[in-house]
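In this chain, numbering begins with 1 at the start of the sequence shown.
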Amino acid sequence: MSPERINPAELSPPTGFSHAVVATGSRLVFLAGQTALDGAGEVVGDGLPEQFERALTNLLSALAASGGAPADLARVTVYAVDVAAYRACAGELGRIWRRLAGRDYPAMAVIGVTRLWDDRALVELDGVAVLP
């Protein structure tokens, strides 16, 4: 069974996320925070969209290696060093999400942080998935 997205009519319409996700399954997958690291451990991409794409690709790679797919994501948290820049790029980031993960949005939050583990990292994503 795939996660059920819940978006109550009395809440503001969600854009790029679901208000709640009900998940029933047999395996819970906790996905570690992923930044724009390449296979050699170097941050790639100078801008937020490029780094977001790589971080999301890394997150989805870890999910796939666990036997999951983007539709299995129940929760994703985005940590951004510049929330204003994240908001300014929201349209482009949404297009990247839809291209890589589809339109099945998990429950999401964007959290502003002072910095991430790697000095050059602008964004980090972690998540929880529920597999059937």
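Summarising the geometry of Ala55 relative to Leu125, their closest heavy-atom pair is CB-CD1, 3.6 Å, with the distance given to 0.1 Å. Scanning both residues, Pro70 and Leu60, for their nearest heavy atoms gives CG-CD2, 3.9 Å. Scanning all heavy atoms of the two residues, the minimum distance from Gly127 to Leu59 falls at N-CD1, 4.1 Å. Of all the heavy atoms in Leu63 and Ala129, the pair that sits closest is CD1-CB, 3.5 Å. Closest of all the heavy-atom pairs between Leu48 and Leu122 is N-CD1, 3.7 Å. Between Ala121 and Leu116 the shortest heavy-atom distance is O-CD1, 3.8 Å.
Using cut-offs of 30° and 60° for the angle between ring planes, the Tyr86 and Phe52 rings count as perpendicular.
The main-chain N or O of Gly47 is found under 3.5 Å from a side-chain atom of Glu50 such that the two form a donor-acceptor pair. Distance alone, capped at 3.5 Å, places no donor-acceptor pair between the Asp118 side chain and the Arg120 backbone. A distance-only check finds a donor-acceptor pair linking the side chain of Arg98 to the backbone of Gly94 [under 3.5 Å]. Formation of a donor-acceptor pair under 3.5 Å by the Arg115 side chain with backbone atoms of Trp117 is found in this model. In this structure a side-chain-to-backbone donor-acceptor pair under 3.5 Å is present from Arg27 to Ser66.
A single hydrophobic cluster is not seen to contain both Val128 and Val21; linkage of ILVMFWY side chains at heavy-atom distances under 4.5 Å, directly or through other members, places them apart. Grouping the Ile, Leu, Val, Met, Phe, Trp and Tyr side chains by contacts below 4.5 angstrom, directly or via other members, places Leu100 with Met108. Taken together through direct or relayed side-chain contacts under 4.5 Å among Ile, Leu, Val, Met, Phe, Trp and Tyr, Val123 and Phe17 form part of one hydrophobic cluster. Note on Val43 and Leu56: separate hydrophobic clusters, where clusters join Ile, Leu, Val, Met, Phe, Trp and Tyr whose side-chain heavy atoms are under 4.5 Å apart, directly or indirectly.
In this view, Ile111 and Thr77, Tyr79, Ala109, Val113 satisfy the side-chain contact (heavy atoms from CB on, under 4.5 Å) rule, not counting sequence neighbours. For Asn7, the side-chain contact (heavy atoms from CB on, under 4.5 Å) test picks out Arg5, Pro14, Ser18, His19, with sequence neighbours left out.
Side-chain contact between Leu73 and Asp104 is absent, with no heavy-atom pair separated by less than 4.5 Å.
The number of heavy-atom neighbours closer than 6.0 Å to CZ of Arg99, taken from other residues, nucleotides and ligands shown, is above 12.
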Acceptor/donor pairs from residues 30-38 side chains to any protein atom, 3.5 angstrom cut, sequence neighbours excluded:
residue, atom, partner, partner atom, Å
Asp38, OD1, Ala40, N, 2.9
Asp38, OD1, Gly41, N, 3.1
Asp38, OD1, Glu42, N, 2.9

